[in-house]
Amino acid sequence: MADRIYERPAIVRNTFGAMNKVGRRGDLSNHAEIDGVSIDALCKEFGSPLFVFSERRLRARVREAREAFARRYPSTTMCWSYKTNYLDAICAVMHQEGSIAEVVSGMEYDKARRLGMPGDKIVFNGPAKTETELRRAVAERAIIHADHLEEIYLLEKIAAETGATPTVGVRVSLDAGIYPRWDRFGLGLENGQAMQAVKRIARGGKLALGGLHTHIGTFVLEPAAYGRAAAKLADFATEIEKSMGVRPTHVDLGGGFASTNTLATQYHAGAIAPGIGDYAEAITSALIAGASGTGTLPRLFIETGRALIDEAGTLLTSVVATKRLSTGKRAIVIDAGVNLLFTAWWYRLNIAPARSAEAFVEDTAVYGPLCMNIDCIRESVPLPDLRPGERLAIHPVGAYTVTQSMQFINLRPAVVMINEQGTPELIRRAEVLEDLTGPEVLPERLKLGATTSGATPALKIAREG
Amino acid sequence: MSVLRVAVSGMHLGENCQPGPGVVRSLREALGDRVHVVGLAYDVFDSGLHADGLLDDAFMVPYPSAGPAAYLERLSQIRELVGLDVLIPCLDVELPVIQRIAGALAERGIHTVMPSTEALARRTKDQLPALAAALGIATPRTITVTDAAGLAAAGAELGYPLVVKGPFYEAEVTHGAAEAQAAFGKLAARWGLPLLAQQFVKGEEFDVIALGDGQGGVHGAVAMRKTVITKLGKAWGAMTIHDDELLAVATKVISALRWRGGCEVEMLRAPDGTPYLIEVNPRFPAWVYLATAAGTNLPQGLVELALGRPVPKYPPYRAGVFYVRHAVEACGELADLESLMAYGRTRRPTLASLPELIANG
Amino acid sequence: MPTPDLPYDPAELRTLALSDTGFIFDPRTGHSYSANATGLATLAAMKDGLDPAAIATKLRAEFKGGAAVEDDVAGFVDLLRELGLVRARSAP
Ligand SMILES: Cc1ncc(COP(=O)(O)O)c(C=O)c1O
């Protein structure tokens with residue numbers, strides 16, 4: 001019988017209401033490779049933890065989205081939401097696939113320009129654009145969506161000073177029947193603020209009217225909400241045209257489509273989230289219906305972020321230690337935590353061992369390497385007996401992880417992208433201490449060994465001892 | 001005629017009774033030995049697994065929260081083992097999952113009767129008010145709530161008592177802000193967000209069970225008045241009635257949704273006689289057997305529909321047929337639990353000698 | 001018959017019903033348990049009165065790839081204690 005593989009002896013009490021061995025079967029898949037490349041080999045070559053992106057999956061998804069709209073609507077522009085993931089390689093793939101850039105800060109704007117996006121292929125959103133940023137955006141004819149009236153006044157001032165006539169759109173906050181309502185961004189449609197802003201742009205004589213933009217929320221599981229939002233924007237556009245004789249240059253429905261992730265508050269696994277086609281159907285049919293009055297279909301902008309990139313990203317991590325908590329529950333410590341996976345706070349991320357799971361799994365708490373109680377990736381996920389050094393794959397983690405990662409007590413790990421030929425390519429090297437300390441300035445007098453009176457006796461003793 | 005193999009879920013008759021056992025009884029009454037019933041269970045203590053003579057076989061299945069792939073894999077396994085012609089899901093949370101895999105199931109010869117995605121979406125608790133408004137049917141005012149502040153605001157607007165409802169199941173009638181918050185915490189923990197706060201409307205409770213043909217027509221429908229209601233607000237007894245107005249409201253809803261399959265339309269008659277639409281449940285209710293007893297065997301019709309055969313016309317049902325629920329102890333042996341735990345299947349004489357049946361190996 | 005040199009009393013485990021499937025039933029409490037193959041083998045050996053070292057040897061013979069088996073067995077006994085299947089008893 002020595003052919004049986006040894007596992008640590010384990011026993012669990014069967015609890016009433018959860019006595020179903022196959023109950024959480026969906027969680028028990030293993031994840032030995034990504035696009036044919038073994039997880040173990042990836043970690044050996046690039047280290048652990050490691051972010052891995054699949055270029056194949058990414059491109060397939062972007063094409064799926066593009067085609068979902070193209071099939072239904074004559075003119076759609078995809079705008080890559082930089083904040084979702086602004087690694088150069090990722091943005092470059094998106095631009096190759098025909099997406100223009102959507103940025104919400106000067107830093108993102110600079111990043112897009114650096115990648116070769118001309119200003120008129122950059123949608124400039126965001127609630128806090130500075131004067132300097134706006135001057136550059138105006139000069140480079142970026143597609144600006146103003147968030148508030150002060151921004152419009154500022155743009156008028158820039159116009160007056162430069163003699164340019166910037167084209168300026170308006171971010172609209174509207175009630176799409178979903179909760180929470182993101183009404184802190186943009187100008188209210190129902191209370192007339194948006195109309196007031198449009199009037200100011202169209203009649204103020206200094207600016208030209210651009211597009212109408214809205215972004216109703218994120219991880220919106222209800223395509224019908226986009227139908228309602230699109231209908232409202234279409235009606236608003238018609239109203240503007242009728243009352244002012246100008247037509248908005250485009251309507252932009254923002255992002256917010258759900259990815260296949262699973263919200264912590266969601267009962268069903270993310271796999272039953274609506275597909276991009278469902279969102280496209282809701283939006284385009286509302287726009288087509290809404291245009292029946294004027295007979296012209298507005299150009300459509302889409303800024304979907306997480307729905308495109310989430311699936312393509314996996315975080316590889318290694319088990320550091322295993323333990324039993326005071327309750328008898330099994331726990332593991334892994335080398336990646338909420339410093340890399342900010343998203344773990346609202347998703348139930350899948351965690352799968354690289355090797356195939358044995359029949360016996362136990363509910364396990366998964367903790368990261370930080371010295372803080374909040375560093376928990378999953379409170380409970382069925383996992384087999386794991387040993388230090390064993391690899392796990394956490395998925396999907398393509399959206400808002402790399403961009404929101406924090407450098408807290410650890411440096412950030414490397415990021416690789418597996419190209420379409422199945423070869424992993426480094427797209428961000430692992431950080432080194434110099435990346436952290438480079439910008440720091442240590443005043444001369446604080447340097448260890450400085451002879452100024454600032455050195456404490458304790459330090460002196462330590463040096464002498 | 002060969003034996004039909006039908007899988008039915010929702011097998012627990014507890015504080016919250018599920019429809020599975022009533023569906024099975026109805027099928028047996030119609031088909032006798034010509035049906036082989038396979039129960040699908042989520043816990044080894046699901047009562048139907050242990051009730052005498054109810055099921056021919058039973059299997060543990062993944063929780064719907066495990067996702068469509070896991071579900072499909074398990075149903076395919078079960079089909080390999082015992083064959084399956086028809087699947088009748090009896091729990092709301094299963095539907096989004098089964099809808100996703102209905103095509104794949106059909107390819108494997110497992111037939112289901114599902115409402116369209118659109119129909120399912122238009123009857124969810126948060127969308128029901130819009131549907132009712134479009135059809136000119138009264139319904140209690142409902143506000144979606146995602147946090148404590150939202151709930152307090154809803155309470156202030158709708159007043160107390162206030163009904164706090166989960167997205168799929170469960171509702172609590174609360175009599176003040178503190179009670180509402182407590183119910184909110186409990187339901188949110190179990191079902192996730194958002195929840196619904198609903199105006200409390202006083203009145204007698206009525207339900208209609210129906211089988212929609214998917215074209216806007218109704219194969220059969222039976223109305224009842226609840227006679228015994230538990231503390232949880234569930235019917236524990238009811239009587240069939242002939243009330244053309246309630247049947248008309250239900251029919252209007254089913255036609256508008258082009259509902260395909262079984263459903264339950266819950267209504268309430270306010271003291272002034274106005275019927276209020278409370279809920280549309282996307283499957284047969286636990287009391288489905290009452291309709292069968294009154295002469296309208298809807299599960300039988302659903303099986304015909306699933307197999308693409310004409311559904312026989314139902315004769316008028318009888319009013320005055322009643323039920324009171326009769327709970328009994330379903331007993332079992334340790335070996336029954338072990339079999340369900342270890343093999344994911346009810347104990348059979350041959351099981352131990354069939355290691356290939358191990359479900360999770 | 002007490003065996004004072006063992007960190008558990010085999011008599012306590014006597015009534016425990018162990019099945020090859022890993023299903024375990026404690027008739028004293030009505031609780032049931034699930035164990036993996038090594039857990040089951042360890043329990044069976046404990047019932048037979050084997051000491052931890054002998055259990056570890058047995059596990060090594062029956063399964064391949066075990067490293068710190070002694071530690072694992074000790075951890076398992078702790079777990080049984082936590083579950084109330086064996087009572088606290090100071091180690092020898
Ligand atoms: C203006 C704007 N557009 C697009 C997005 C992308 O959203 P998502 O990743 O949810 O699609 C965001 C995200 O916050 C946003 O603020």
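Letters A, B, ... mirror the listed sequences (proteins, then strands); counts begin at 1.
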I would like to know whether Arg4(A) and Lys64(C) meet side chain to side chain contact (heavy atoms under 4.5 Å, CB included); could you show each step before the answer? CA-CA 6 Å; Arg4(A) 287 195 290 176; Lys64(C) 70 167 187 227; over 6 Å; no
Run the side chain to side chain contact (heavy atoms under 4.5 Å, CB included) test on His31(C) and Asn14(A) for me, step by step, so that the C-alpha distance in whole Å, both residues' side-chain angles and the decisive distance to 0.1 Å come before the verdict. CA-CA 7 Å; His31(C) 282 306; Asn14(A) 299 322; over 6 Å; no
Tell me, for Ser326(A) versus chain C, whether the close heavy atoms (under 4.5 Å) come from the side chain, the backbone, both or neither.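 Backbone only.
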Between Arg13(A) and chain C, which part of the residue has a heavy atom less than 4.5 Å away: side chain, backbone, both or neither? both
CD/Glu379(A): more than 12 non-hydrogen atoms of other groups inside 6.0 Å: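 Incorrect, the count does not exceed 12.
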Please evaluate residues Arg324(A) and Asp72(C) with respect to the criterion salt bridge (charged side-chain N to carboxylate O under 4.0 Å, His left out), reporting the C-alpha separation (whole Å), side-chain torsions for both, the decisive distance (0.1 Å), and the verdict. CA-CA 12 Å; Arg324(A) 292 259 167 210; Asp72(C) 295 346; over 6 Å; no
Structural part of Leu79(C) lying under 4.5 Å from a heavy atom of chain A: side chain
Proximity breakdown for Ser34(C) and chain A, heavy-atom pairs closer than 4.5 Å: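 Both parts, backbone and side chain.
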Of Asn36(C), Leu43(C), Leu40(C), the residue whose pairing with Ile11(A) passes side-chain contact (heavy atoms from CB on, under 4.5 Å): Leu43(C)
For the pair Asp78(C) and Lys323(A), find out whether any cationic side-chain nitrogen is under 4.0 Å from an anionic carboxylate oxygen.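 Judged by the 4.0 Å cut-off on N to carboxylate O distance, Asp78(C) and Lys323(A) do not form a salt bridge.
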Using heavy atoms and a sub-4.5 Å threshold, report which of residues 327-338 of chain A line up against chain C, by residue number.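 Within residues 327-338 of chain A, the residues under 4.5 Å from chain C are Thr327(A), Gly328(A).
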Test side chain to side chain contact (heavy atoms under 4.5 Å, CB included) applied to Val12(A) and Tyr33(C), step by step: CA-CA 5 Å; Val12(A) 287; Tyr33(C) 301 84; over 6 Å; no
Does Thr38(C) reach the main-chain N or O of Glu7(A) with its side chain, forming a donor-acceptor pair under 3.5 Å?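 Flag set: sc Thr38(C) to bb Glu7(A) pair under 3.5 Å.
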Please round to the nearest 0.5 Å and tell me the distance separating atom CZ of Arg60(C) and atom OH of Tyr6(A).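 It comes to 8.0 Å.
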